[in-house]
Protein chains: 2
Amino acid sequence: MSGGVEWGLHCCVVLSGAGAPVPAAKLAELHDVSQSYLAKQLQLLSRAGLVRSSLGQAGGYVLTRSASEITVLDVIEAIDGAQPAFRCTEVRQRGPLATPAERCDTPCPIARVMAAADRAWRESLRGITIADLVADVSRTTPAEQLDRARAWLRA
Amino acid sequence: MSGGVEWGLHCCVVLSGAGAPVPAAKLAELHDVSQSYLAKQLQLLSRAGLVRSSLGQAGGYVLTRSASEITVLDVIEAIDGAQPAFRCTEVRQRGPLATPAERCDTPCPIARVMAAADRAWRESLRGITIADLVADVSRTTPAEQLDRARAWLRA
DNA sequence: GACTCTCGGACAAAAGTTATCCGAATTGAG
DNA sequence: CTCAATTCGGATAACTTTTGTCCGAGAGTC
């Protein structure tokens with residue numbers, strides 16, 4: 001899985017706490033990552049409709065919906081794509097004993113098992129929203145630190 | 001996920017049906033894949049203790065246990081390694097508002113969510129054995145074709 | 001003793017990931 | 001209206017992982 005997913009999730013958490021648009025450069029500085037590369041991840045989030053960018057002097061990124069309506073899976077699929085980790089190369093249709101393609105109407109058992117596992121993985125991630133992450137963060141970190149973060153974002 | 005996983009699973013299915021050791025070259029020809037590269041995957045399976053190689057003229061690979069005692073996850077972890085797809089880079093310990101390392105005794109919420117999804121994925125794959133795959137294959141393919149496969153392996 | 005086979009590492013090519021930079025377009029403030 | 005700040009998108013390069021090949025050493029069988 002792409003490392004950009006982690007950045008994207010952190011950005012969404014931060015964005016849900018900020019009341020105003022946050023420039024990409026600020027998000028990069030906050031997380032101490034390359035701002036050029038983070039920009040690319042944010043563009044992916046924007047293309048997926050999870051965030052919106054406003055141009056101009058006071059521009060930046062904002063979530064398009066409530067944090068409780070954005071799942072972790074949404075972010076992952078926006079950045080990494082929705083394609084499953086396993087892709088069947090139809091080994092059974094190759095080699096000296098290849099079964100003809102017209103017989104392969106159903107996916108091979110291996111692909112089926114992998115697809116089921118992939119569904120379980122996605123289902124687990126679909127059940128968690130950005131709001132859940134935020135709740136977890138604000139529960140485990142002291143309020144004073146959260147205030148400092150908000151102040152830093154405004155500055 | 002590495003493409004070699006698919007080959008490894010197919011090989012285990014074939015091996016469970018063959019009564020005698022099958023050389024790596026034969027497995028490669030059967031699946032029409034590079035024999036040098038497949039050899040590497042088989043070595044990984046061997047190192048993990050799933051298959052055993054016998055040397056000499058009638059040598060080849062054999063499963064070390066019953067197909068019902070080898071899970072799909074066993075094969076995946078043997079070839080791809082047991083490391084989870086997501087690895088937390090501890091973003092919270094970086095940047096101007098970094099939380100000190102001594103405060104990070106518990107994993108960050110994002111890592112926790114990812115780990116839970118990873119467990120769900122692995123649990124799903126741990127529940128399926130090579131024997132299940134074999135049963136599925138022998139149920140969906142005509143007996144005549146299975147006999148041809150067995151005959152080809154012996155030759 | 002000759003043959004067959006596996007083992008393991010070294011090595012090369014291809015693909016994907018990570019990262020950088022620059023110009024164009026857009027918006028808000030003076 | 002003009003200027004400064006900002007995002008957007010593409011082109012590009014460095015790096016890492018994956019994929020694939022090759023060959024010699026060692027071990028077993030006939």
Side-chain angles (χ1 to χ4, degrees), chain A residues 1-8 11 15 18 20-29 31-64 76 78-81 83-87 89 91 94 153 155, chain B residues 1-8 11 15 18 20-29 31-64 76 78-81 83-87 89 91 94 153 155:
Chain A
M1 156 154 30
S2 159
V5 168
E6 187 180 11
W7 300 1
C11 285
L15 251 41
V22 182
K26 199 143 218 172
L27 287 171
E29 186 188 354
H31 296 128
D32 187 25
V33 297
S34 151
Q35 84 175 42
S36 328
Y37 190 39
L38 180 63
K40 181 163 291 188
Q41 319 295 345
L42 290 171
Q43 281 171 27
L44 291 172
L45 291 180
S46 171
R47 210 171 300 171
L50 300 181
V51 303
R52 177 142 73 185
S53 66
S54 53
L55 272 46
Q57 209 167 18
Y61 283 96
V62 189
L63 294 184
T64 55
I76 293 176
I79 292 180
D80 257 18
Q83 56 197 337
F86 178 88
R87 76 194 149 111
T89 60
V91 171
R94 304 167 59 178
L153 275 179
Chain B
M1 155 155 30
S2 159
V5 168
E6 187 180 10
W7 301 2
C11 285
L15 252 42
V22 182
K26 198 142 219 172
L27 286 171
E29 186 188 353
H31 296 128
D32 188 24
V33 297
S34 151
Q35 86 175 41
S36 327
Y37 191 38
L38 180 62
K40 183 163 291 189
Q41 319 295 344
L42 289 171
Q43 281 171 28
L44 290 172
L45 292 180
S46 172
R47 210 171 298 169
L50 300 180
V51 303
R52 178 143 71 185
S53 66
S54 54
L55 270 44
Q57 208 168 20
Y61 283 97
V62 189
L63 295 183
T64 55
I76 293 176
I79 292 179
D80 256 18
Q83 57 197 335
F86 178 89
R87 73 195 152 110
T89 61
V91 171
R94 306 168 56 178
L153 275 179

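Lettering of chains follows the sequences in order, A, B, ..., and the numbering in each one begins at 1.
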For [N], does OP1 or OP2 lie under 4.0 Å from any side-chain N or O of [X]?
{"X": "Ser36(A)", "N": "dA19(C)", "value": "no"}
{"X": "Ser46(B)", "N": "dC7(C)", "value": "yes"}
{"X": "Ser53(B)", "N": "dC5(C)", "value": "no"}

Counting only side-chain heavy atoms from C-beta out, which of [options] sits nearest to [X]?
{"X": "Pro23(B)", "options": "dC7(C), dC5(C), dA29(C)", "result": "dC5(C)"}
{"X": "Leu55(B)", "options": "dC7(C), dG28(D), dA19(C)", "result": "dG28(D)"}
{"X": "Ser2(B)", "options": "dT19(D), dT21(D), dA29(C)", "result": "dT19(D)"}
{"X": "Tyr37(A)", "options": "dA29(C), dC5(C), dT20(C)", "result": "dT20(C)"}
{"X": "Ser34(B)", "options": "dG9(D), dG8(C), dT21(D)", "result": "dT21(D)"}
{"X": "Arg47(A)", "options": "dT18(C), dG9(D), dT6(C)", "result": "dG9(D)"}

Decide side-chain contact (heavy atoms from CB on, under 4.5 Å) for Val91(B) and Val33(A); before the verdict, give the C-alpha distance in whole Å, the side-chain angles of both, and the deciding distance to 0.1 Å.
-> CA-CA 9 Å; Val91(B) 171; Val33(A) 297; 5.7 Å; no
CZ/Arg94(B): more than 12 non-hydrogen atoms of other groups inside 6.0 Å = yes
Whole-Å gap separating [atom2] ([N]) and [atom1] ([X]):
{"X": "Leu42(B)", "N": "dG20(D)", "atom1": "CG", "atom2": "P", "result": "14 Å"}
{"X": "Glu6(B)", "N": "dT18(D)", "atom1": "CD", "atom2": "P", "result": "17 Å"}
{"X": "Trp7(A)", "N": "dT17(C)", "atom1": "CH2", "atom2": "C1'", "result": "11 Å"}
{"X": "Ile79(A)", "N": "dT18(C)", "atom1": "CD1", "atom2": "P", "result": "11 Å"}
{"X": "Leu38(A)", "N": "dC21(C)", "atom1": "CG", "atom2": "P", "result": "15 Å"}
{"X": "Gln43(A)", "N": "dA19(C)", "atom1": "CD", "atom2": "C1'", "result": "14 Å"}
{"X": "Leu44(A)", "N": "dA19(C)", "atom1": "CG", "atom2": "P", "result": "14 Å"}
{"X": "His31(A)", "N": "dA19(C)", "atom1": "NE2", "atom2": "C1'", "result": "18 Å"}

Classify the side chain of Lys40(B) and the base of dG20(D) as holding, or not holding, a donor-acceptor pair under 3.5 Å.
-> yes
For Ala39(A), report the nucleic acid contact type (base, sugar-phosphate, nothing); a contact means any heavy atom under 4.0 Å.
->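 Contact class for Ala39(A): none.
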What nucleic acid atoms does Ala25(A) come within less than 4.0 Å of, heavy atoms only: base, sugar-phosphate, or nothing?
->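 Since no nucleic acid heavy atom lies under 4.0 Å of Ala25(A), the category is nothing.
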Most 5' of Arg52(B) and Gln35(A) on DNA chain C, judged by nearest nucleotide =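 Closest to the 5' end, via its nearest nucleotide, is Arg52(B).
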If you find the nucleotide of DNA chain C closest to Ala58(A) and the one closest to Gln41(A), which residue's nucleotide is nearer the 5' end?
->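 Its nucleotide being nearer the 5' end, the pick is Gln41(A).
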Show the numbers, then the answer: is there a side-chain contact (heavy atoms from CB on, under 4.5 Å) between Val51(A) and Cys11(A)?
-> CA-CA 10 Å; Val51(A) 303; Cys11(A) 285; over 6 Å; no
So do Ile79(B) and Leu45(B) actually touch side chain to side chain, heavy atoms under 4.5 Å?
->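 Leu45(B) vs Ile79(B): side chains touch.
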Atom of Ala78(B), atom of Leu44(B) and distance for their closest heavy-atom approach | O-CB, 3.7 Å
Between Gly59(A) and Pro23(A), the two heavy atoms sitting closest are O-CG, 3.9 Å
